[in-house]
Structures are given as structure tokens and as C-alpha cells.
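Okay, structure first, notes after.
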Amino acid sequence: MAFELPALPFSYNALASRGMCQETLELHHDKHHQAYVTALNNFVEAKPELQGKSLDEIILAVKGDATQAPVFNNAGQHWNHILFWENLSPNGGAIPPALEAKIKEDLGSVEKFKEEFKKAAVSQFGSGWAWLVLAPNGKLAVTKTGNGSNPLAEGQGKALLGLDVWEHAYYLDFRNRRPDYITNYLDKLANYEFAEAQLQAA
Ligand code: MN3
């Protein structure tokens with residue numbers, strides 16, 4: 001069973017008034033994400049040892065193996081973008097009460113959470129991702145990963161939110177202003193309802 005590009009959970013112009021234009025979503029979803037899926041399927045087709053494995057199983061099977069880096073990168077990016085589309089919303093930015101309480105308990109305050117997330121996302125040198133995770137110790141934590149890696153591969157816990165900080169994610173909307181893209185995401189695009197549902201399911 002080949003891996004498939006999931007449909008966006010909103011229309012291509014649904015985020016245009018909130019800082020992510022239709023062209024960004026068309027290129028990012030239809031071209032970039034599709035390219036990761038296509039490459040991953042080609043690798044799986046050529047490697048019998050990967051066949052029949054879930055996406056999580058493939059990531060965990062090839063991580064840390066330099067000879068399998070292209071498989072890891074494309075599998076990781078497929079995993080990351082599946083979460084990324086789910087964690088954007090035309091009604092984003094509002095933090096539901098249970099998640100807000102957990103943020104205050106574990107990270108001090110909503111302001112401190114946003115500050116820490118911005119710091120992680122700005123300081124990810126080159127391409128990568130910033131994350132809000134439920135760490136293995138049961139507390140929320142902010143992390144970052146390079147290129148196609150993610151919290152699953154690095155044992156950081158369950159991902160609740162993930163922000164793509166590859167230039168293809170923000171260059172049309174924010175040019176080189178990555179900090180503005182991050183602030184806009186946290187205040188207007190982040191689907192905290194999704195994050196809370198992930199938390200409840202953990
Ligand atoms: Mn991307």
C-alpha cells in the first residue's frame with residue numbers, strides 16, 4: 001500500500017487573510033509534500049525490508065543509519081507535514097482552557113511558552129522544525145529538530161504542534177522575516193484545539 005498525500009483540511013485560500021497565501025499552500029502541499037511522498041514510495045518499492053511497515057516503523061527502522069538517510073529524510077518530512085496541515089486552522093490562535101492550564105503548569109505562562117517556541121524556531125539554523133511536545137516525563141516541552149527529523153525519531157515525546165521553518169514554508173508570505181512568520185503562526189494559525197486533542201489522546 002503506497003503512502004498518499006492527505007488532502008488539506010481546509011481550502012487553499014482559507015488562510016490567506018491570516019498570513020499564509022494560496023500560492024504558498026499550493027506549492028507547499030501539492031509540490032513539496034507530494035515530492036516527499038513520491039520519493040518515499042520509490043524507496044519502499046526498491047527496498048523489500050521496508051515493505052508493509054507503517055510510516056512510524058520506517059522512521060524508527062532507518063534513523064541513525066547514514067546509508068538510509070534519503071529514506072529517513074523523506075519519511076520524516078511526510079510525517080512532519082501530515083501533522084503540519086492538521087495543526088493549522090483558519091480559526092487558529094485561541095488556546096482552549098485545558099491546554100492553557102497545562103501550559104501554565106509546565107512552562108510558566110502562555111507568554112513564556114510563545115517566547116520559548118519563538119526562540120527554538122528562530123535558532124534552528126537552516127531548515128527544520130520547532131515543536132510543542134508532551135515529553136516522556138509527562139510535561140510539556142518546546143524542542144527543535146533539523147531538516148526532516150522529528151520528535152518521534154529523537155525520542156522527545158508526543159508531538160502536539162509542529163512548525164515548519166524551511167524557507168519554502170514562509171518565503172512568499174514573509175520573505176526573510178522568519179520571526180514574523182513564527183509570531184503569526186502562534187497568534188493566528190496554530191490549531192490549539194488539535195494540540196489539546198493530541199494531549200487528551202496521549
Ligand atoms: Mn515544508
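Quick note: residue numbers are just sequence positions, from 1. All heavy atoms count here, side chains included; hydrogens, waters and symmetry mates do not.
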According to ring pair (Phe, Tyr, Trp, His ring centres under 6.0 Å), who are the partners of [X], at least two apart in sequence or on a separate chain?
| X | answer |
| --- | --- |
| H168 | H28, H32, W166 |
| Y181 | Y170 |
| F43 | none |

Problem - Donor-acceptor contact below 3.5 Å, side chain N150 vs main chain A153 - result: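 Yes, N150 side chain to A153 backbone: donor-acceptor pair under 3.5 Å.
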Problem - Exam field: side chain N73 to backbone A69, donor-acceptor pair closer than 3.5 Å - result: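 Side chain of N73 to backbone of A69, a donor-acceptor pair under 3.5 Å: yes, one is there.
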Say you draw a straight line from [atom1] of [X] to [atom2] of [Y]; how long is it, rounded to the nearest 0.5 Å?
| X | Y | atom1 | atom2 | answer |
| --- | --- | --- | --- | --- |
| L83 | L161 | CG | CG | 7.5 Å |
| H78 | I59 | NE2 | CD1 | 9.0 Å |
| L199 | F194 | CG | CZ | 11.5 Å |
| L5 | N41 | CG | CG | 10.5 Å |
| Y192 | L160 | OH | CG | 11.5 Å |
| L15 | D173 | CG | CG | 9.5 Å |

Over all heavy atoms of both residues, which pair between [X] and [Y] is shortest? Give the atoms and the distance, please.
| X | Y | answer |
| --- | --- | --- |
| A195 | L99 | CB-CD2, 3.9 Å |
| N80 | G148 | ND2-O, 3.3 Å |
| I82 | P6 | CG1-CG, 4.2 Å |
| W85 | P9 | O-CG, 3.5 Å |
| L189 | M20 | CD1-CE, 4.0 Å |
| Q77 | Y36 | NE2-OH, 3.0 Å |

Problem - Verify same cluster id: L55, V44 (apolar side-chain graph, 4.5 Å) - result: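 Yes; V44 is reachable from L55 via cluster members.
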Exercise for the section: Could you state whether I95 and Y185 fall into the same hydrophobic cluster, counting links through intermediate Ile, Leu, Val, Met, Phe, Trp or Tyr residues with side-chain heavy atoms under 4.5 angstrom apart? Expected result: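 Yes; Y185 is reachable from I95 via cluster members.
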Problem - Q22 atom CD, neighbour heavy-atom count above 12 within 6.0 Å - result: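 Yes, CD of Q22 has more than 12 neighbouring heavy atoms, counting only those of other groups under 6.0 Å.
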Handout entry: CD/E4: more than 12 non-hydrogen atoms of other groups inside 6.0 Å
Key =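 It does not: E4 CD has 12 such atoms or fewer within range.
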Exercise for the section: Take L60 and F72, measure what side-chain contact (heavy atoms from CB on, under 4.5 Å) needs, and give me the verdict at the end. Expected result: CA-CA 9 Å; L60 293 172; F72 177 80; over 6 Å; no
Counting C-beta onward and ignoring hydrogens, is there a side-chain heavy-atom pair between [X] and [Y] closer than 4.5 Å?
| X | Y | answer |
| --- | --- | --- |
| H33 | V37 | yes |
| W129 | L163 | no |
| S54 | F3 | no |
| Y171 | N176 | yes |
| T38 | N74 | no |

With sequence neighbours excluded, tell me which residues meet side chain to side chain donor-acceptor pair (under 3.5 Å) with [X].
| X | result |
| --- | --- |
| E167 | none |
| E100 | K104 |
| S17 | none |
| E45 | none |

Problem - With sequence neighbours excluded, residues passing side chain to side chain contact (heavy atoms under 4.5 Å, CB included) with Q124 - result: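 With neighbours one apart ignored, the set is K144, V165, R178.
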Problem - Contacts of S89 that satisfy side chain to side chain contact (heavy atoms under 4.5 Å, CB included) - sequence neighbours left out - result: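 Residues passing side chain to side chain contact (heavy atoms under 4.5 Å, CB included) with S89: N91, N191.
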Exercise for the section: Go through the side-chain N and O atoms of N147 and S127 and say whether any donor and acceptor fall under 3.5 Å apart. Expected result: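 No, no side-chain donor-acceptor contact under 3.5 Å.
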Exercise for the section: Check whether the side chains of D56 and W79 place a donor and an acceptor atom closer than 3.5 Å, and report yes or no. Expected result: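 Note: D56 and W79 side chains meet the donor-acceptor criterion.
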List the atom pairs, with distances to 0.1 Å, where a side-chain N or O of residues 130-143 and a protein N or O form a donor-acceptor pair under 3.5 Å, not counting sequence neighbours.
residue: W131; atom: NE1; partner: T145; partner atom: OG1; Å: 2.9
residue: N137; atom: OD1; partner: K139; partner atom: N; Å: 2.9
residue: T143; atom: OG1; partner: Q156; partner atom: OE1; Å: 2.9

Can I get a per-line list of side-chain donor-acceptor pairs under 3.5 Å for residues 110-122, giving both atom names and the distance, sequence neighbours left out?
residue: K114; atom: NZ; partner: D187; partner atom: OD1; Å: 2.8

Problem - Residue pairs, two or more places apart or on separate chains, that pass side chain to side chain donor-acceptor pair (under 3.5 Å) and touch residues 58-70 - result: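 Pairs touching residues 58-70 that pass the test: K47-Q68, D65-T67.
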